[in-house]
Amino acid sequence: MTSFDSLEGVVLAGGYSTRFGETDKAVAELAGTPLIRRVVDQLAGVTDAVVVNCRDEQREAIRNALSGSDVDRRYAIDPIPDRGPLAGIGVGLAAVDREYAAVVACDMPFVDPTLFEQLYAHARGHDGAVVRLEDGWYQTTQAVYRAEPMARACEETLGSDDTRVLAAFDSLDVVTVEEADLEGVSATTFESVDTPDDLRAAAQRLE
Ligand SMILES: Nc1nc2c(ncn2[C@@H]2O[C@H](COP(=O)(O)OP(=O)(O)OP(=O)(O)O)[C@@H](O)[C@H]2O)c(=O)[nH]1
């Protein structure tokens with residue numbers, strides 16, 4: 001797999017994982033490997049550098065979970081916590097050095113780097129590329145964005161009434177890719193671990 005010079009990773013981990021319970025799901029182990037470590041290891045298929053967006057108090061545990069990874073890691077800390085995924089994407093992208101970023105949530109351990117290869121190809125020359133799932137939902141937390149304009153759009157949108165990630169696209173040229181048009185992407189790429197039951201089910205499949 002290729003590492004693209006103008007593509008960096010952004011891993012979103014600033015949520016409170018309330019459905020998961022007391023533990024931070026970012027560092028919860030799936031078959032012995034923390035979820036966030038699995039995500040970073042998968043991103044290594046397309047990039048050698050990631051920005052981890054999280055809250056200050058998460059940083060030490062996440063740093064431990066990622067220790068020994070070959071991927072260069074930097075941290076973008078939420079100045080104000082709990083402002084939702086739009087804020088996390090904006091904070092993460094503002095810390096990116098390269099033109100484009102592959103953004104992924106820390107709770108998607110099966111993220112397929114092949115998806116980012118295809119989204120990056122679609123995004124080049126535009127402000128990003130996002131998948132529209134078969135049920136019509138846009139998968140905004142596993143997408144490629146042009147870092148600078150999307151970071152700015154996130155900031156502006158946070159100050160508006162509609163703070164969905166999708167609302168940030170209004171001022172941008174983001175390409176929609178239909179799920180049916182993806183080629184050879186693993187069916188589990190968009191699966192997210194939201195609850196302890198999700199984690200158990202994922203672990204059983206790996207046995
Ligand atoms: N920076 C930041 N990221 C967030 C925030 N809320 C959610 N996220 C991230 O967005 C992604 C998708 O969010 P969810 O699956 O709802 O995660 P969550 O909010 O931690 O979990 P729940 O509380 O159970 O909904 C995850 O990677 C979260 O870490 C937030 O307030 N700030």
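One-based numbering, in listed order, for ligands and for the atoms of each.
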Exercise. Which atoms of ligand 1 sit under 4.0 Å from any heavy atom of Arg83?
Worked result: 31 (O)

Problem set entry | Check: Gly84 N/O within less than 3.5 Å of ligand 1 N/O | yes

For this session: Find out whether the Lys NZ or Arg CZ of Arg205 is both under 6.0 angstrom from the six-membered ring centre of Phe110 and within 45° of the ring's axis.
Result: yes

Exercise. Does any pair with a residue in residues 4-13 pass side chain to side chain donor-acceptor pair (under 3.5 Å), and if so which ones, sequence neighbours excluded?
Worked result: Ser6-Tyr120, Glu8-Arg74

Problem set entry | Residue Tyr16 vicinity, atoms of ligand 1 by number, heavy atom under 4.0 Å | 20 (O)

For this session: Could you tell me which atoms of ligand 1, counted from 1 in the order shown, lie closer than 4.0 angstrom to a heavy atom of Ala13?
Result: 29 (O)

For this session: Going by heavy-atom distance to atom 12 (C) of ligand 1, choose the closest among Ala26, Pro81, Ala105.
Result: Ala105

Problem set entry | ligand 1 versus Thr141: contacting region, heavy-atom distance under 4.0 Å | neither

Problem set entry | Nitrogen or oxygen atoms of Asp78 and ligand 1 under 3.5 Å apart | yes

Seminar exercise, completed: atom 13 (O) of ligand 1 sits nearest the protein heavy atom Pro85 CG, 4.5 Å

For this session: Could you tell me whether ligand 1 has any atom less than 4.0 Å away from a heavy atom of Asp194?
Result: yes

Exercise. Judged by atom type as modelled, is there a donor-acceptor pair below 3.5 Å linking the side chain of Arg37 to the main-chain atoms of Ser67?
Worked result: yes

Seminar exercise, completed: Nearest heavy atom to atom 8 (N) of ligand 1, choosing from Gly21, Gly15, Gly90, belongs to Gly15

Problem set entry | Protein contact of atom 23 (O) of ligand 1 - nearest heavy atom, named by residue and atom, plus distance | Thr18 OG1, 2.5 Å

For this session: Just jot down the ligand 1 atoms closer than 4.0 angstrom to any heavy atom of Gly88, in number order.
Result: 1 (N), 2 (C)

Exercise. In the protein, what heavy atom is nearest to atom 14 (P) of ligand 1, and what distance, to one decimal place, separates them?
Worked result: Arg19 NH2, 3.8 Å

Problem set entry | Shortest protein heavy-atom distance from atom 15 (O) of ligand 1, along with the residue and atom involved | Asp107 OD2, 3.1 Å

Problem set entry | Residue of the set Asp197, Asp194, Asp198, Asp107 for which salt bridge (charged side-chain N to carboxylate O under 4.0 Å, His left out) holds with Arg19 | Asp194

For this session: Could you tell me which atoms of ligand 1, counted from 1 in the order shown, lie closer than 4.0 angstrom to a heavy atom of Lys25?
Result: 15 (O), 17 (O), 20 (O), 21 (O)

Seminar exercise, completed: Interatomic distance, CG@Leu66 vs CZ@Arg73, rounded to 0.5 Å, equals 6.0 Å

Exercise. Is the shortest distance from a Lys or Arg side-chain nitrogen in Glu148 or Arg152 to a carboxylate oxygen in the other one below 4.0 Å?
Worked result: yes

For this session: Just go through Thr195, Val103, Leu12, Val91 and tell me whose heavy atom is the nearest to atom 26 (C) of ligand 1.
Result: Leu12

For this session: Using atom types as modelled and distance alone, determine if a side-chain donor or acceptor of Glu99 lies under 3.5 Å from a backbone N or O of Ala147.
Result: no

Exercise. So, is the end of the Arg124 side chain (NZ or CZ) under 6.0 Å from the ring centre of Phe4 and within 45° of the ring's axis?
Worked result: no

Problem set entry | Heavy-atom nearest option to atom 21 (O) of ligand 1, drawn from Cys106, Ser17, Ala76 | Ser17

Exercise. Quick one: are Tyr138 and Val131 in side-chain contact, heavy atoms under 4.5 Å?
Worked result: no

Exercise. Is it the side chain (CB and beyond), the backbone, both or neither of Arg55 that lies under 4.0 Å from ligand 1, heavy atoms counted?
Worked result: neither

Problem set entry | ligand 1 contacted by Met108 (non-hydrogen, < 4.0 Å) | no

Exercise. How many angstroms lie between atom CE of Met150 and atom OH of Tyr145, to the nearest 0.5 angstrom?
Worked result: 4.5 Å

Problem set entry | His122 side, atom NE2; His126 side, atom NE2 - distance, nearest 0.5 Å | 9.5 Å

